[in-house]
Engineer: 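One structure follows; several queries about it will come next.
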Amino acid sequence: VGAAVLDSDPAVAGQETKKNLIVVGGPAANKAAAVLLGKPFPSYGADSGIPENAAIVKLVEQTDGKAALIVAGWSAEDTQRASRVVAQYEKYLKDQKGKEVQVTGTSLSDVKVSAPAVK
């Protein structure tokens with residue numbers, strides 16, 4: 001089991017593509033998410049690449065066998081909703097295909113998981 005650290009921690013900063021990570025928060029709030037999504041930090045709104053009123057759960061695979069799971073939303077509540085989806089894998093993600101899903105909803109209990117929106 002690893003440890004929870006901030007994106008500014010030396011264990012993560014500059015190491016985003018060299019470690020297995022679970023990154024929570026989008027490129028507006030989390031430098032590691034910005035690096036892994038190929039966005040400048042901070043990237044807000046449409047510049048984040050995250051759909052408005054939604055969140056993403058995305059697996060980013062690195063060339064050396066490492067991977068990062070990004071859980072990021074347009075807003076803090078969207079990120080929290082996506083975090084609950086990951087926490088309840090059997091309910092929401094078990095039958096999903098691909099490396100990315102989009103999470104939408106109107107509350108923390110109204111949750112929909114679907115293929116990502118076409119960009």
Side-chain angles (χ1 to χ4, degrees):
V1 175
V5 296
L6 298 175
D7 58 350
S8 59
D9 188 289
V12 175
Q15 303 294 313
E16 297 88 352
T17 62
K18 299 174 184 167
K19 295 189 174 216
N20 292 319
L21 300 170
I22 299 173
V23 177
V24 179
N30 190 314
K31 290 178 188 175
V35 168
L36 291 163
L37 292 172
K39 304 290 181 183
F41 178 79
S43 290
Y44 296 93
D47 292 338
S48 73
I50 298 169
E52 187 171 1
N53 300 318
I56 60 168
V57 177
K58 182 175 184 173
L59 181 67
V60 178
E61 294 182 16
Q62 309 302 337
T63 56
D64 63 354
K66 302 295 183 189
L69 183 67
I70 302 172
V71 183
W74 179 271
S75 69
E77 184 176 16
D78 293 321
T79 299
Q80 187 176 9
R81 187 177 299 110
S83 296
R84 289 180 181 209
V85 164
V86 172
Q88 297 178 45
Y89 171 85
E90 290 290 325
K91 180 177 179 180
Y92 292 110
L93 298 173
K94 180 180 172 187
D95 297 323
Q96 294 294 322
K97 304 289 186 228
K99 296 180 183 177
E100 181 177 358
V101 295
Q102 180 172 300
V103 179
T104 57
T106 57
S107 70
L108 295 177
S109 60
D110 169 35
V111 178
K112 295 173 189 69
V113 177
S114 61
V118 178
K119 297 174 185 172

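Throughout, residue positions are numbered sequentially from 1 according to the sequence presented.
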Engineer: Enumerate the residue pairs fulfilling salt bridge (charged side-chain N to carboxylate O under 4.0 Å, His left out) with a member in residues 61-72, sequence neighbours excluded, ordered by first and then second residue.
Structural biologist: Glu61-Lys99

Engineer: Is it the case that one hydrophobic cluster holds both Val111 and Tyr89, taking links as side-chain heavy atoms less than 4.5 Å apart, direct or via other members?
Structural biologist: yes

Engineer: For the residue pair Ala54 and Gln102, what are the closest heavy atoms and their distance?
Structural biologist: CB-CG, 4.0 Å

Engineer: Apply side-chain hydrogen bond (donor to acceptor under 3.5 Å, both in side chains) to Ser107 and list each qualifying residue two or more places apart in sequence or on a separate chain.
Structural biologist: Ser109

Engineer: Quick one: side chain to side chain contact (heavy atoms under 4.5 Å, CB included) partners of Ala68, sequence neighbours excluded?
Structural biologist: Leu21, Leu36

Engineer: Within a radius of less than 6.0 Å around CD1 of Ile22, do more than 12 heavy atoms belonging to other residues, nucleotides or ligands occur?
Structural biologist: no

Engineer: Name all residues meeting the side chain to side chain contact (heavy atoms under 4.5 Å, CB included) criterion together with Ala29; count only those two or more places apart in sequence or in a different chain, and write none if there are none.
Structural biologist: none

Engineer: Hey, could you give me each pair passing side chain to side chain donor-acceptor pair (under 3.5 Å) that has a residue in residues 4-19? Not counting sequence neighbours.
Structural biologist: none

Engineer: With sequence neighbours excluded, give me every side chain to side chain donor-acceptor pair (under 3.5 Å) pair touching residues 74-88.
Structural biologist: Ser75-Asp78, Asp78-Arg81

Engineer: Step by step, would you call Val23 with Leu69 a side-chain contact (heavy atoms from CB on, under 4.5 Å)?
Structural biologist: CA-CA 6 Å; Val23 177; Leu69 183 67; over 6 Å; no

Engineer: Please step through side-chain contact (heavy atoms from CB on, under 4.5 Å) for the pair Leu6 and Val12, ending with a clear verdict.
Structural biologist: CA-CA 8 Å; Leu6 298 175; Val12 175; over 6 Å; no

Engineer: Would you name the heavy atoms of Ala82 and Ala55 that are closest together and state the gap between them?
Structural biologist: CB-CB, 3.6 Å

Engineer: Once side chain to side chain contact (heavy atoms under 4.5 Å, CB included) is applied, do any residues pair with Ala72, and if so which ones, sequence neighbours excluded?
Structural biologist: Ile50, Ile56, Ile70

Engineer: I need the minimum non-hydrogen distance between Phe41 and Ala34, along with the two atoms involved.
Structural biologist: CB-CB, 3.9 Å

Engineer: Restricting to side-chain hydrogen bond (donor to acceptor under 3.5 Å, both in side chains), what partner residues turn up for Lys112, sequence neighbours left out?
Structural biologist: Asp110

Engineer: Please enumerate all residues that pass side chain to side chain contact (heavy atoms under 4.5 Å, CB included) together with Ser43, with sequence neighbours excluded.
Structural biologist: Pro27, Lys39, Pro40, Asp47

Engineer: Does Lys97 have any salt bridge (Lys or Arg N to Asp or Glu O under 4.0 Å) partners at least two apart in sequence or in another chain, and if so, which?
Structural biologist: none

Engineer: Mind checking whether Gln96 and Val113 have side chains closer than 4.5 Å, heavy atoms only?
Structural biologist: yes

